[in-house]
Amino acid sequence: MDAPEPDERLMTRYRDGDNSAFDALYERHRGGLYRFMLRQCATQAIAEELFQDIWMRVIKARATYEPTAKFTTWLYQMARNRLIDNHRRASVRPVASGSVDADTLTEPQAPDAERPDRRAQSEQGMQALLALVDALPAEQRQAFLLREEAGM
């Protein structure tokens, strides 16, 4: 079984004109990046707008991309910078994650209709985790989410 192609190589291939490499990068990182944005933004609409803007910036940076750091470092630094710009413009602190629908924060799971007790326990655990993440200072929350979502 072959190991997946490194992100940096995919981005280099995309820079050199291989559009399928971008598709692979997008599929690989869209979920984690979206959840990171959603947990940092006041509303889902803002998170979606910034998420799309970040991918547009990846597309625009295509011609000048040089793999001087891990792709995820580059991508999440771009996301972090975009969040900072947005927060400065809005002059508000992000709303607590508890105000966001918990279903949008988790990956889709197979139906667990046979075990409603497990589902309820899982939802309670998720709410408890979100409350703990919300209690962190902004920089610690961001560092935690970068670690969990991007493996940084």
Side-chain angles (χ1 to χ4, degrees), residues 3-12 14-15 22-62 64-112 115-152:
E5 190 169 7
D7 295 334
E8 298 76 20
R9 176 73 183 122
L10 286 170
M11 188 62 186
T12 303
Y14 177 56
R15 178 195 65 199
F22 175 81
D23 295 339
L25 281 170
Y26 181 78
E27 284 301 314
R28 191 177 288 175
H29 297 289
R30 70 182 175 142
L33 181 63
Y34 179 74
R35 286 187 305 275
F36 175 73
M37 299 306 291
L38 189 61
R39 290 176 180 143
Q40 297 290 321
C41 292
T43 67
Q44 185 172 352
I46 292 172
E48 289 172 0
E49 179 182 335
L50 296 177
F51 174 79
Q52 289 177 3
D53 183 57
I54 291 161
W55 285 108
M56 290 303 297
R57 288 173 187 239
V58 169
I59 291 168
K60 288 178 184 175
R62 162 189 187 168
T64 59
Y65 176 78
E66 289 296 328
T68 57
K70 285 180 62 176
F71 174 79
T72 52
T73 301
W74 180 72
L75 179 67
Y76 280 85
Q77 183 60 49
M78 193 180 320
R80 185 175 182 275
N81 290 342
R82 193 64 190 92
L83 282 165
I84 290 169
D85 292 344
N86 182 66
H87 292 318
R88 282 182 184 152
R89 193 172 340 149
S91 296
V92 295
R93 188 165 189 252
V95 173
S97 298
S99 65
V100 177
D101 181 15
D103 293 335
T104 62
L105 299 177
T106 60
E107 291 291 323
Q109 301 284 325
D112 199 8
R115 301 289 311 266
D117 58 326
R118 276 194 151 171
R119 189 171 189 181
Q121 184 180 24
S122 176
E123 287 176 13
Q124 289 171 347
M126 177 60 73
Q127 292 302 322
L129 177 62
L130 290 174
L132 291 171
V133 170
D134 286 342
L136 292 172
E139 286 191 18
Q140 287 181 351
R141 181 176 54 243
Q142 199 169 64
F144 173 79
L145 293 172
L146 283 170
R147 167 94 166 98
E148 292 303 309
E149 294 295 344
M152 301 173 87

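Just the heavy atoms: all of them, side chains too, but no hydrogens, waters or symmetry mates, feed the values below. Residues take their numbers from the sequence shown, with the count starting at 1.
- Atoms CZ and CD1, from Arg80 and Ile54 in turn, are 12.5 Å apart once rounded to the nearest 0.5 Å.
- Between Phe22 and Tyr14, the two ring planes are tilted [angle within 30° to 60°].
- Partners of Asp53 by side-chain hydrogen bond (donor to acceptor under 3.5 Å, both in side chains), not counting sequence neighbours, listed by chain and number: Arg57, Arg82.
- Atom OG1 in Thr43 sits 9.0 Å away from atom CG in Leu38 (nearest 0.5 Å).
- Looking only at side-chain heavy atoms (C-beta outward), Thr68 and Trp74 stay at 4.5 Å or farther from each other.
- Using a 3.5 Å distance cut-off with no hydrogens or angles, the side chains of Gln44 and Glu48 do pair a donor with an acceptor.
- For the side chain to side chain contact (heavy atoms under 4.5 Å, CB included) with Gln40, the lone residue among Ile46, Leu50, Leu83 that qualifies is Leu83.
- Here the options are Tyr34, Trp55, Phe36, the test is side chain to side chain contact (heavy atoms under 4.5 Å, CB included), and the partner is His29; only Trp55 passes.
- The minimum heavy-atom distance linking Gly32 with Tyr76 is given by the pair C-OH, 3.2 Å.
- Looking at Tyr65 and Glu8, their side chains never bring a donor and an acceptor atom within 3.5 Å of each other.
- Across every non-hydrogen atom of Arg62 and Met11, the tightest pair is CA-CE, 4.0 Å.
- Across every non-hydrogen atom of Cys41 and Ala47, the tightest pair is SG-CA, 3.7 Å.
- Annotation: side chain of Asp7 is not in contact with side chain of Lys70 (no heavy-atom distance under 4.5 Å).
- Residues that satisfy the side chain to side chain contact (heavy atoms under 4.5 Å, CB included) test with Arg9, not counting sequence neighbours, are Glu5, Pro6, Thr12, Arg13.
- Dense packing is recorded around CD of Glu27, with more than 12 heavy atoms of other residues, nucleotides or ligands lying under 6.0 Å away.
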